[in-house]
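Below you'll find the structure, written out as structure tokens, and then a few comments.
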Amino acid sequence: MYRTLFFLSLQKFHLLAYHLISHLLMKGSFFKLWMWLLVVSVLPACDALNTLSDAKSNTSQGAPYEVVTICNQPIWEGAVGEQLRTILRAQDPYLNAQETLYDLFQVTPHNVTNIVDTHRNQIEVKVDPTLEVASAGARYDVTASPQIIITLQGPSQEAIADYLQTHSEALVQLLEKTERDRSIAYAERHFEPFIQEQILKTFGVEMDVPKGYVLAKQTEVFMWMRYEYPAASKGFMLYSRPYEGPESLSDIAVERARLKFAAEIPGPSDGSYMTTSYAFPPIYRTVKIDGRFWVELRGFWDVENDFMGGPFVSYTTLDKATNRVLTLDCYIYSPKLKKRNFMRDVEHLVYMIHFPEEAPVKP
């Protein structure tokens, strides 16, 4: 037990040291950096810690949507670093706050510690004049699990930067899919069996609802699940209605249904309830997820007769087995904490719904 506690404490120390080292490098505080490295170097170097390099026994470090770039300083300060910052530190357009798509950090190769080597999301940049063209590749669970290591390489900085500019969307989507797959895998292992049973009984579909959600309200055609934190909240609704033709999946029909069912979620004061904010009109589009077509509605919610609000996203599809329209409607509330990761959590829920076997249907 004491060995385990010591290892966990050492991990936390390494995490603190890693972030401080990165900060000092960016600030050019080499004297302070040297002092920290001296402290780290005198930590016990027992064999049990030094041999934890097997990805199967090594849990990856870092937070979701955090990316560490491993490259030398001229690369980071040059065209490649500028492209990476432009792509990954772009503002998330669907949050009512200024937050980037990813948290991006940089470490030089000779400052890679165990905490960096086992980070969940890594990008390594290699300039090799012997190469003819720039390219990229991904490896998984190399030094820890779950983990992705993306290698960008090319004959020059300019070639790699041009490659990044051309394939920027692919890079963002690859990192997003990696994080999403981790969420799905977690829910498959750790889910709420009672809620799963009630969803199957009510809507005829299976859903791996991650641990921590509670069933807050239920009717014959509606379920509300929520997950409460000390300073934030996230949740989702499932509701269904009869399919009456293609117009049932129109933007007007989807928005009307949301107004009706969101009112089932009470606000903090008497007579208050959730509704849709039209200060910024919701965005409506059709998306294909795992072979099934969904109508996505993305916007902001607020509370009638009170002061609360946040982002929401809903996914609506036709369930041919029941000839009904099914909607997954997700929201978050986080007035003090960053919203991005909470929002990503609920966005992943649509990938956890499993319909009875049927051919894909386009609305």
Side-chain angles (χ1 to χ4, degrees), residues 55-56 58-66 94 101-102 120-121 140-141 144-148 173-218 222-230 232-240 265 287-294 296 298 310-317 319 321 326-334 337-358 360:
K56 295 181 180 178
N58 227 11
T59 301
S60 58
Q61 307 297 321
Y65 294 91
E66 182 179 89
Y94 300 118
L101 294 176
Y102 297 88
R120 63 195 284 139
N121 302 317
Y140 297 86
D141 301 343
S145 179
Q147 182 187 62
I148 183 172
Q173 292 303 318
L174 175 60
L175 289 167
E176 165 57 30
K177 184 179 184 303
T178 301
E179 292 288 9
R180 182 174 69 236
D181 288 347
R182 292 166 183 164
S183 294
I184 296 170
Y186 176 86
E188 289 175 347
R189 298 191 308 270
H190 310 285
F191 59 90
E192 294 289 350
F194 174 73
I195 297 179
Q196 185 184 63
E197 177 186 336
Q198 293 303 308
I199 290 174
L200 180 61
K201 185 183 300 183
T202 305
F203 302 106
V205 299
E206 293 184 356
M207 183 175 182
D208 298 320
V209 178
K211 273 285 186 183
Y213 279 95
V214 298
L215 176 56
K217 194 171 186 179
Q218 182 176 10
F222 171 86
M223 290 180 66
W224 169 35
M225 278 63 60
R226 65 183 184 182
Y227 192 132
E228 300 297 330
Y229 297 88
S233 175
K234 63 184 180 183
F236 68 94
M237 300 173 276
L238 284 169
Y239 46 86
S240 71
I265 298 181
V287 297
K288 189 176 183 180
I289 299 174
D290 292 339
R292 169 177 285 273
F293 285 91
W294 297 77
E296 179 188 274
R298 190 181 290 270
F312 81 86
V313 62
S314 74
Y315 299 94
T316 301
T317 190
D319 182 3
L326 178 69
T327 296
L328 167 71
D329 195 319
C330 314
Y331 69 90
I332 68 164
Y333 178 64
S334 181
L337 303 177
K338 289 187 175 182
K339 301 171 174 58
R340 181 197 60 205
N341 288 13
F342 290 126
M343 197 63 194
R344 295 292 179 270
D345 284 345
V346 296
E347 288 173 348
H348 296 162
L349 291 172
V350 69
Y351 293 85
M352 302 172 192
I353 297 178
H354 311 289
F355 285 81
E357 297 242 349
E358 62 176 25

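This is a predicted model, so every value here is computed, not measured.
Of the inter-residue distances, the one linking Tyr65 atom OH with Arg340 atom CZ reads 8.0 Å to the nearest 0.5 angstrom. Considering CE of Met223 and CG of Leu328, their distance stands at 12.0 Å, rounded to 0.5 Å. Here CE of Met225 is found 9.5 Å from CE of Met237. Values are rounded to the nearest 0.5 Å. Note that CG of Asn58 and CG of Asp141 are 11.0 Å apart. Values are rounded to the nearest 0.5 Å. In this structure, CE in Met207 is found 13.0 Å from OH in Tyr351, a value given to the nearest 0.5 Å. With rounding to the nearest 0.5 angstrom, the OH atom of Tyr94 is 10.5 Å from the CG atom of Leu101.
You'll find the side chain of Leu174 reaches within 4.5 Å of the side chain of Ile148, heavy atoms only. A heavy-atom distance below 4.5 Å is not found between the side chains of Val209 and Met352. Between Val214 and Glu228, every side-chain heavy-atom pair lies at or beyond the 4.5 Å cut-off.
Side-chain atoms of Glu192 come within 3.5 Å of backbone atoms of Gly212 as a donor-acceptor pair (strictly under, hydrogens ignored). Panel note: side chain Ser60, backbone Ala144; no donor-acceptor pair is recorded below 3.5 Å. Between the Asn341 side chain and the Pro64 main chain, a donor and an acceptor come within less than 3.5 Å of each other. Without hydrogens or angle criteria, Tyr102 side chain to Glu176 main chain gives a donor-acceptor distance under 3.5 Å.
Nearest approach of Arg182 to Pro146, heavy atoms of both residues: NE-CB, 3.6 Å. Closest non-hydrogen pair, Val346 versus Tyr331, comes out as CG1-O, 4.0 Å. Smallest separation of non-hydrogen atoms from Leu326 and Leu238: CD1-CD2, 4.5 Å. Taking every heavy atom of both residues into account, Tyr315 and Arg298 meet most closely at OH-NH2, 3.8 Å. Across every non-hydrogen atom of Leu337 and Ser334, the tightest pair is O-OG, 2.8 Å. Residue Phe293 comes nearest to Thr317 through the heavy atom pair O-OG1, 2.9 Å, listed as atom of the first residue, atom of the second, then distance.
Here Asp181 pairs with Lys177, Ile184 under the side chain to side chain contact (heavy atoms under 4.5 Å, CB included) rule; sequence neighbours left out.
Classification of the Tyr239-Phe222 ring pair by plane angle, with boundaries at 30° and 60°, yields parallel.
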Please step through side chain to side chain donor-acceptor pair (under 3.5 Å) for the pair Gln196 and Asp208, ending with a clear verdict. CA-CA 6 Å; Gln196 185 184 63; Asp208 298 320; 3.0 Å; yes
CA sep, side-chain torsions, deciding dist, call: Lys211, Tyr186, side chain to side chain donor-acceptor pair (under 3.5 Å): CA-CA 9 Å; Lys211 273 285 186 183; Tyr186 176 86; over 6 Å; no
Would Ile353 and Leu349 count as a side chain to side chain contact (heavy atoms under 4.5 Å, CB included) here? Give the steps. CA-CA 7 Å; Ile353 297 178; Leu349 291 172; over 6 Å; no
Under 3.5 Å, sequence neighbours excluded: what are the donor-acceptor pairs made by side chains of residues 198-205?
unit_1	atom_1	unit_2	atom_2	d
Gln198	OE1	Gln218	NE2	3.2
Thr202	OG1	Gln198	O	2.8
Thr202	OG1	Gln218	NE2	3.1

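Across Gln61, Gln147, Glu179, a single residue satisfies side-chain hydrogen bond (donor to acceptor under 3.5 Å, both in side chains) together with Arg120, and that is Glu179. Screening Trp224, Tyr227, Phe194, Phe191 for a ring-ring contact (aromatic ring centres under 6.0 Å, His included) with Tyr213, the sole residue that qualifies is Tyr227.
Ion pairing of Glu347 with Arg180 is absent here, as no side-chain N (NZ or NE/NH1/NH2) approaches a carboxylate O to less than 4.0 Å.
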